[in-house]
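Here's the structure, in structure tokens; my notes come after.
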Amino acid sequence: MEAAVEYESQRLSMVAEQIARRGVNDRGVLEAMRQVPRHCFVPPEYQDIAYSDGPLPIGEGQTISQPYIVALMTEQLHLRGGETVLDIGTGSGYQAAILARLARQVHTIERYPLLAERARAALAAVGIHNVQVHVGDGSGGLPEFAPYQGIVLAAAAPRVPQPLLEQLSEGGRLVLPVGGWAGQTLETWQRCGEVYDCEQVLPVAFVPLRGEYGWKGHEWQRDE
Ligand code: SAH
């Protein structure tokens with residue numbers, strides 16, 4: 001089979017077996033996951049397993065998240081198409097690419113310049129032009145472009161960073177993993193005036209958030 005056709009068939013199976021079967025049912029999200037070529041966002045040596053049911057290494061000790069988790073976090077934002085969204089922890093750029101199909105404008109921020117550069121190249125290669133990739137510490141958000149109707153954070157924070165809540169627009173939603181090395185919970189926060197509702201979604205395992213509102217090096221370790 002030709003490679004592109006083979007990858008498409010793997011992508012359809014990924015959506016049916018890993019994502020829809022586990023309960024993600026937002027049609028826009030499922031369609032975006034069927035369309036974005038995940039193999040274009042992983043290093044060449046992993047392209048053949050790009051559609052497998054787990055995270056994969058992308059360099060700098062970081063990972064591209066499991067497809068199901070990307071779908072679930074995206075679904076939590078309830079996007080309708082007109083939003084400005086912030087994606088913190090660009091990594092491979094894959095989550096940003098999914099968001100780009102569902103929102104008007106995506107800002108994404110990554111602390112490793114090399115990963116940001118590769119993500120920019122991958123997004124351009126697949127023809128996505130409504131994502132702006134920034135380099136820097138995104139643990140306190142990106143106030144220049146706020147407010148956001150949705151914010152996704154793909155690295156575990158010790159607690160919800162207050163600036164992220166403040167950068168949400170009215171009714172806006174933030175999804176992030178909260179916790180440490182030993183365990184984390186995916187949380188969704190929604191702004192209702194000056195009150196923020198929090199829902200705990202499920203246990204997860206992410207790389208640490210670094211930077212001002214993240215974990216300091218020595219704090220992220222096994223308790224012995
Ligand atoms: N969304 C990514 C997942 C990347 S893993 C994808 O689809 O591939 C999380 C990323 O967060 C890593 O690339 C890591 O370098 C980045 N990160 C961690 N702390 C950060 C911070 N304070 N600011 C910006 N990026 C950060």
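For ligands, and for the atoms within them, numbers begin at 1 and follow the listed sequence.
In this structure, CD1 in Ile69 is found 8.5 Å from CZ in Arg22, a value given to the nearest 0.5 Å.
Using modelled atom types, one finds no donor on one side chain facing an acceptor on the other under 3.5 Å when comparing Arg118 with Ser92.
Using a cut-off of 4.0 Å between Lys/Arg side-chain N and Asp/Glu carboxylate O, Glu31 and Arg34 are scored as salt-bridged.
Contacts of ligand 1 (protein heavy-atom distance under 4.0 Å) are Gln62, Thr63, Ile64, Ser65, Gly89, Thr90, Gly91, Ser92, Tyr94, Gln95, Ile109, Glu110, Arg111, Tyr112, Leu115, Gly136, Asp137, Gly138, Ser139, Ala154, Val207, Pro208, Leu209, Arg210.
Looking at heavy atoms from C-beta onward, Leu12 lies out of side-chain contact with Tyr7 at the 4.5 angstrom threshold. With a 4.5 Å cut-off on side-chain heavy atoms, Leu79 and Leu99 count as touching.
Tyr68 places no side-chain N or O within 3.5 Å of a backbone atom of Asp53 that could act as its donor or acceptor partner.
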